[in-house]
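Beneath this line is the structure, given in structure tokens, with notes to follow.
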Amino acid sequence: MIHSDPSDNKSSNNASEKGPTNGAGGPQHFYGAGYPTHFHHVPAHHMQHSPPPPVYQKDERTQRQYSKLKQKLERKQTNRNNGGDDDNDTQAFLDLLSATRTPQVSDITPTSALVQWNSPLPEGVTLPNVELTYELLLGDRGRYKAIYSGPSLSCRVRDLRPGCEYSVCLQIRAGEQTGAASEAATFRAPPAPPARMTPARVANRARTSLLLRWSPAADNGARILHYVLEMDAGEGFAEVSRPRTRQHTVNNLRTQTCYRFRIAAVNECGPGEWSEEFVGWTLGAPPPAPAPPALRDAAADSLALAWERRPDEEFTLQMDEVARGHGFLPIFTGTECSYVCTALRRASDYRFRLRCENADGQGPWSQEVTYRTLPERPGAPGRPTPKGKIHSRAFRLRWEPPTDDGGAAVENYTLEIDGGEGYQSAYTGVEREAHCDRLQPGVQYRARVRCANVAGESDWSATETITTEATCPGACSAPEVVAEPRATLVSVRWRPPDCNGGAPLTEYRAEIVGEDGIVRTVHSALESECTVRELQPGCEYRLWVVACNKVGAGLPSPALHFSTAPAPPDAPETPIAYIENARTIRLEWRASRDNGAPIADYRLEMSLTNMDDSFTEVYRGPETACIVSKLVPFSPYFFRVCATNSAGRGAWSGVRDLLTPRAPPGAPTGIKHEATAESLRLHWRCPPSHGAEILGYRVQVDESDFETDGPTPEKVVEGLRPDTTYRVRVAALNELGLGDWSEEAQAATRPRPPAPPDLRCAQLVHNYIKLEWDSRGEGAVYCVEMRGSGEFRPVYRGSARSCKVKKLREGTTYSFRIRASDERGGRGSWGAAVTATTPPAPPPALRPPTVLVLAPRRAAVAWDTLDDAEYVLQCARAKDAVFKQVYAGRETQFTVEELEPGAEYLLRACAVRGGLSGAWSPAARVLVPVPAAGPRPRRARPPRALSRRRAALLMAAGFLLLAVLVAMLVQRLVEPQP
């Protein structure tokens, strides 16, 4: 229902009570879009408690209408037999019925009403092949909407508004034809108590009072007399007042205290429901004055302020510009504890004050503080210009002050000049001119200047270019040796002079003098390096350089003193080798020429493959003989030697090769073991055989020796003590004797493995079994195996004390066994097997039963067959779906009787086996047919007198038939006989 204000009742009462305008299009012409349906009709089986519709008394006018109706139906039947028009007759008949039917309203409540009507057909009158449908229209404020359409003779209208007036009218529909609406029946819903109110709100708060306001409640058809307001101060709700207005002030309250309120409206029908509870707080004392804001940062156009944060408080910051004198103005309001004042003037004073505000009021202002903005950087000064004559190594510059000093006096000026190596400071001071000296001649210099005040430094001024006069170049730096001097040549280089005299250099001249005192020029070009050749080894020399430009030659550079190096010695002869034993040899060689420098030492290298990159040094010293030991027996070796002096290493001698004799095997390596509680399995890597095949190994465990069977590098030592550490070493044996012992290793036997725990069945289900066992200590790992019809197979491995074995078959016997293992003791033995049998499973769900209707009230039901199972069959009507058992037994079919014709039934079945019930099958639907009606007895129709028109037609038809017969007879008589 669409609820409306009670003030609209008057317009509803004055509205026309006539039904909607008739039309063949149906009731859709009588109500607007968006008008939701809140009505439903009451089915026939729910209307057994309602009184029957009233019987209409047939007055003289009604009797005449009924007589006309009967005649119209008879003519309609005749026209149908003669092929007449049925639609126009049906529409006229529906208009006649709708105009004479008026619905009756009874059992009226504030929100519902029962509407009933009688069948419009007279007794003994039926409409062949047409089913009547009734449409009930509800009118609200002049608008009608269809609320029911069906064959029922009653309808319960719900969701009405109390105290409002409604009207209902009836339309009759026969197939696609719709009759006119009947006269409207008007009724009014009785009033009811007011609706539930929305919670009130606090409009104003004070320290000892609260002003509450609320919205009006729906009066439900009766005028609201007053409101009831209750308050809970912690001891339960108690009535405060009964105001007639929509606001009330609650006084005499405690400060800063929470109160709970609820409110209800009262009209002539009684009080309405209480509203939801709502909470109100009284005010407390306002906050105290805060500390003045502190200056966090200052700039030329802004000041950053900060203050202490307080919970649940709002701050107001005011500022006063002292120079303008306009007083304090608010610049910030909020809960933040900082604020940046922008758009300020540089180098100006500002005053600030702060105030706190919370729900209880505004506090006093803080003390006033004054902060000053910073000045700005000054503008750039004027371009520096030369003052007086420009010399080759000095000049003087001056400049103008800046046009804008940034609000503070200029404290100093900085002058920088750039001669090609970047700008460097040349002057800093308060004067506006400076003298620049110690310059390079013929160099172009760039000059710039800037000023500074307390706010910082200004931008650089425009650049001025000044060039000094040219002169002879300066002296070069002392030449440097590029590489160590060789026996006959040396490479030197030098740096250009610091000053080229203001003109490009034309050449460098390098001169040298030896022990003979003769000076000669060895280089004359622009390159700053050269290689001096044709020198004598081991001699001392002096070398210097002179730079020249277009003005002339400059001063000579400092002299370089150096000595030529001696040459490396020659290669020695191929060394001679003497074999002392299988692991030691002695090498000797002759001394070589030293080439001008004493031989410092000899270097002896050894290789196993005679490759250049595989030789390694085995001796370095002044002797010409060497003993090399720790060689591998029965292995090839290659040796070579060279001599070195101060000039470097000489060439290598020829390579001497030899083969060491055979010897006992080497020491085995990589001893590893696998332990059990009473044995050790030792294995190692095979050592080199040294020219003779290994026959076996000797293993020593503590003080006991064991021999292997053959050359296999492993041995199992048994008869040991559990959890004990032993010392182990191994030596190989060949035909030349016992080889070296390996490094001693440590091997420990394991402790005894844990015993198997007791296995037990904790839970038996048709498709899984849960097993449990006792713990065998921390770190134990358990392995559970299962045997069905074959061998044991693992089903669980882990450290838990229980497991669940799934995917088992029902009614099957299984055997389980368990063993425990840990990291130290290893795997234990298997425990005794435990046998368990799974119980049977509940039968599976059946498929939907098959239903066959045998007679109008009987049906045969059949379902699937399961082995060794009983069955339960249930039946229910489809409209209520309440199942009742109709059969229980071992048969797989059953005949259901006493079914109601025209009703739809649901049938389902389930199997029961071993006391366990399976799931219900999906329900099968069956519709019981209605038995065919017998032939209707025809009533004797009274004789009817022929009209004049029909009599004339019959006479004409008779004369025509007689004329045809006479013509045929005459023709037969006239024709000749054959």
Distance (rounded to the nearest 0.5 Å) between [X] [atom1] and [Y] [atom2]:
X: Arg797; Y: Cys783; atom1: CZ; atom2: SG; result: 4.0 Å
X: Tyr726; Y: Thr724; atom1: OH; atom2: OG1; result: 4.5 Å
X: Arg698; Y: Lys715; atom1: CZ; atom2: NZ; result: 12.5 Å
X: Ile627; Y: Leu587; atom1: CD1; atom2: CG; result: 9.5 Å
X: Leu738; Y: Tyr697; atom1: CG; atom2: OH; result: 12.0 Å
X: Leu505; Y: Cys548; atom1: CG; atom2: SG; result: 8.5 Å

> Using the ring of each side chain (for Trp, its six-membered ring), is Trp494 parallel, tilted or perpendicular to Tyr508, with breaks at 30° and 60°?
Replying inline: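 The rings of Trp494 and Tyr508 stand perpendicular, inter-plane angle above 60°.
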>> Does Thr488 form a side-chain contact (heavy atoms from CB on, under 4.5 Å) with Glu534? I'd like the steps, not just the answer.
In response: CA-CA 6 Å; Thr488 59; Glu534 299 179 359; over 6 Å; no
Between [Y] and [X], is there a salt bridge with N-O shorter than 4.0 Å?
X: Arg493; Y: Glu527; value: no
X: Glu507; Y: Arg509; value: yes
X: Arg793; Y: Glu791; value: no
X: Glu678; Y: Arg752; value: yes
X: Glu785; Y: Arg817; value: yes
X: Glu714; Y: Arg681; value: yes
X: Arg847; Y: Asp864; value: yes
X: Arg656; Y: Glu573; value: no

Can any side-chain N or O of [X] pair as donor or acceptor with the backbone N or O of [Y] at less than 3.5 Å?
X: Thr838; Y: Thr812; answer: yes
X: Thr749; Y: Ser679; answer: no
X: Ser653; Y: Arg640; answer: no
X: Thr660; Y: Arg583; answer: no
X: Ser614; Y: Asp612; answer: no
X: Asp702; Y: Ser704; answer: no
X: Asn549; Y: Asn500; answer: yes
X: Asn734; Y: Gly739; answer: no
X: Tyr637; Y: Val632; answer: yes
X: Ser689; Y: Pro665; answer: no

Decide whether [X] and [Y] meet the rule of one side-chain donor and one side-chain acceptor closer than 3.5 Å.
X: Asn610; Y: Ser607; answer: no
X: Thr813; Y: Thr837; answer: yes
X: Ser491; Y: Thr531; answer: yes

Heavy-atom count check: over 12 atoms from other residues, nucleotides or ligands less than 6.0 Å from [X] [atom1]?
X: Glu515; atom1: CD; answer: yes
X: Glu743; atom1: CD; answer: no
X: Asp867; atom1: CG; answer: no
X: Glu778; atom1: CD; answer: no
X: Asn581; atom1: CG; answer: yes
X: Arg760; atom1: CZ; answer: yes

>> Between Arg727 and Glu703, is the salt bridge (Lys or Arg N to Asp or Glu O under 4.0 Å) condition met? List the steps.
In response: CA-CA 9 Å; Arg727 294 178 289 106; Glu703 304 300 333; 3.5 Å; yes
>> Under the side chain to side chain contact (heavy atoms under 4.5 Å, CB included) test against Asp822, which residue among Pro751, Pro754, Pro753 passes?
In response: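 Exactly one pass, corresponding to Pro754.
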> Can you check whether Phe792 and Trp830 have ring centres sitting under 6.0 Å from each other?
Replying inline: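 No: the rings miss the under 6.0 Å criterion.
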> Could you go step by step and tell me if Asp570 and Ser592 meet the side chain to side chain donor-acceptor pair (under 3.5 Å) rule?
Replying inline: CA-CA 6 Å; Asp570 294 341; Ser592 60; over 6 Å; no
>> Applying salt bridge (Lys or Arg N to Asp or Glu O under 4.0 Å) to Glu484 and Arg486, what does each step give before you reach the verdict?
In response: CA-CA 6 Å; Glu484 189 71 20; Arg486 299 184 183 182; over 6 Å; no
>> The test is side chain to side chain donor-acceptor pair (under 3.5 Å); show your working for Gln763 and Tyr768 and say whether it passes.
In response: CA-CA 8 Å; Gln763 186 178 4; Tyr768 72 87; 3.1 Å; yes
